[in-house]
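This report concerns only the one structure given below.
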Number of protein chains: 2
Amino acid sequence: MFALFIMIEMGISERKEREREEMRALILEAAKHLFLEHGYAKTSIRGIADRIEYSPATIYLYYKDKKELMLALQVEAFGKMNASFGELLAIADPFARLQRMGELYISFALENPQLYDLMFMLEAPMEALECQQDSWLNGMQSFDFLKQSIWDCVEAGYFEESADIDALALTVWSYMHGLVSLYLKGRMVIFGEDSQLDRLRESQRNFIDLLSKK
Amino acid sequence: MFALFIMIEMGISERKEREREEMRALILEAAKHLFLEHGYAKTSIRGIADRIEYSPATIYLYYKDKKELMLALQVEAFGKMNASFGELLAIADPFARLQRMGELYISFALENPQLYDLMFMLEAPMEALECQQDSWLNGMQSFDFLKQSIWDCVEAGYFEESADIDALALTVWSYMHGLVSLYLKGRMVIFGEDSQLDRLRESQRNFIDLLSKK
DNA sequence: TTGATTTAATAAACAGTGTTTAGTATGTTT
DNA sequence: AAACATACTAAACACTGTTTATTAAATCAA
């Protein structure tokens, strides 16, 4: 009798929780679709609401504000990027792994410019982090992987024994981020409208040289 | 008689032109003040209008839209940055000059985060460029100076004779931009809240090493 | 100087934005 | 069946960039 009461109680609240998660996913799906098409600024709460045929106010029952919604998308984006790095585990040579990681990083950025924006350029999702910055640290597990690969490079004799892994990892990341963000934000027009991607690739090879010729 | 007529005619139209430029400068001054305090997104046309005690519509008589207003600010920002590079002309050794240029670039970015945003991260001013992209090329004269310094480094034997100057310049710029933009956009929190500036400096030294040990 | 005309400025509106509030149904519990 | 809780929304609030119609002033032609 008591057990039955609890089961019904738990059954309903569990269903409610499930429905709540389904609704959150529905909103997120619509947000993602619009965001990938038009970017953060041009994605409106009303647009998202229209797409799922709910009122705008409903969205605020599931997400605190637009920033938190974008943070949820950012988490998804990090998942996608981390997944794209999966093949790296099969590369034994650490320097080859490092090089391939750079290629994959650039590919991800160029193929998912809006997601890249969300992850590394927009302030909105970062402001939503506040206390719960675990999701950012979690998302940045790829940076740990980068550090590990650099460590492996040191052990394999590619870099000096005295190398500062943290600094080196930040240096590599900075270069990669700088390169793709200059490209994505249209700051490479100085090279002419057409040859920009070529310049990007040239610089990429250049940086590999810089790293390897130490 | 005829000459007098012309003089009056010209005198008025010249005054009008002068007054128009003064008004443009007045608007720009107000826009700059608000922008430096709150950034692009939070700077409103109404806010600018309030500050100069004119109606919002008046601003549209002097600037096509908000993007064009921000483009004018971007041009000013480039002027300021180029000026900050002035002292480099006094440095004879090309590698020391290159190193100092990096320091000045980072200093400018950290001391003028909103201006840096305008110059290298926001899309708004770039969209306003359209046909008249001369202002961007003009603003980027510092990039030519960077290329020149790298060329000098090659001649002085710091880099290989076969070095691709364009690619190397882009590589240096990408790294610098990546480093400061990761910092400015709060993506270096993985290093903890306090040590970020130290990490930035460490990486900077690291990159110099990478360049010099070739 | 007077009347016509161009110019400068604005009030008000338009179409949008993120977000909050008050109210209404529906589902759940007692 | 009555009391309560939940999900949802219409409408409003306070903004945003931008356009239009109108007014007042400066300039021009007679």
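Letters A, B, ... mirror the listed sequences (proteins, then strands); counts begin at 1. The basis for the numbers below is simple: all heavy atoms, side chains too, and nothing from hydrogens, waters or symmetry mates.
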### Query
How many Å lie between CE on B:Met23 and P on C:dA8, as a whole number?
11 Å

### Between P of C:dA11 and CG of B:Asp50, the distance in whole Å
11 Å

### Message
Just to verify, what does A:Glu29 make a side chain to side chain donor-acceptor pair (under 3.5 Å) with, not counting sequence neighbours?
### Response
none

### Task
Can you sort out which residues in residues 55-64 of chain B have a heavy atom within less than 4.0 Å of DNA chain D? Ascending by number, please.
B:Ala57, B:Tyr60

### Message
Output the rounded distance in Å from NZ (B:Lys66) to P (C:dT17).
### Response
16 Å

### Task
Check DNA chain C against residues 35-42 of chain B and give the residues with a non-hydrogen atom under 4.0 Å, in numerical order.
none

### Task
Scan side-chain atoms only and decide if B:Tyr175 and B:Ser203 contain a donor-acceptor pair under the 3.5 Å cut-off.
yes

### Query
For B:Ile27 and C:dA8, what is the distance between atoms CD1 and P respectively, to the nearest whole Å?
12 Å

### Query
Just how far, in rounded Å, is C1' of D:dT6 from CZ of A:Arg18?
17 Å

### Task
Among B:Met188, B:Gln196, B:Gln204, find the residue that satisfies the side-chain contact (heavy atoms from CB on, under 4.5 Å) test when tested with A:Leu170.
B:Met188

Which pairs of donor and acceptor atoms, one on a side chain in residues 106-113 of chain B, lie under 3.5 Å apart (sequence neighbours left out)?
{"from": "B:Ser107", "atom 1": "OG", "to": "B:Glu103", "atom 2": "O", "distance (Å)": "3.0"}
{"from": "B:Asn112", "atom 1": "OD1", "to": "B:Lys80", "atom 2": "NZ", "distance (Å)": "3.2"}
{"from": "B:Asn112", "atom 1": "ND2", "to": "B:Phe108", "atom 2": "O", "distance (Å)": "3.0"}

### Query
B:Asp152: what forms a salt bridge (charged side-chain N to carboxylate O under 4.0 Å, His left out) with it, not counting sequence neighbours?
B:Arg97

### Query
Which residues satisfy the salt bridge (charged side-chain N to carboxylate O under 4.0 Å, His left out) test with A:Lys66, sequence neighbours excluded?
none

### Query
Partners of B:Glu87 by salt bridge (charged side-chain N to carboxylate O under 4.0 Å, His left out), sequence neighbours excluded?
B:Arg100

### Query
Rounded to whole angstrom units, what separation is found between the CZ atom of A:Arg24 and the C1' atom of D:dA7?
16 Å

### Task
Take atom CD of A:Glu17 and atom P of D:dA5, then tell me their distance rounded to the nearest Å.
19 Å

### Query
Does anything in residues 35-84 of chain A pair up under ring-ring contact (aromatic ring centres under 6.0 Å, His included), and if so which pairs, sequence neighbours excluded?
A:Phe78-A:Phe120, A:Phe78-A:Trp136

### Query
Does any N or O donor sit under 3.5 Å from an N or O acceptor when you compare the side chain of B:Arg46 with the base of D:dG17?
yes

## Note on the structure
To the nearest angstrom, the CD-P distance between B:Glu53 and C:dA9 comes to 14 Å

### Query
What pairs with A:Glu37 under salt bridge (charged side-chain N to carboxylate O under 4.0 Å, His left out), at least two apart in sequence or on another chain?
none

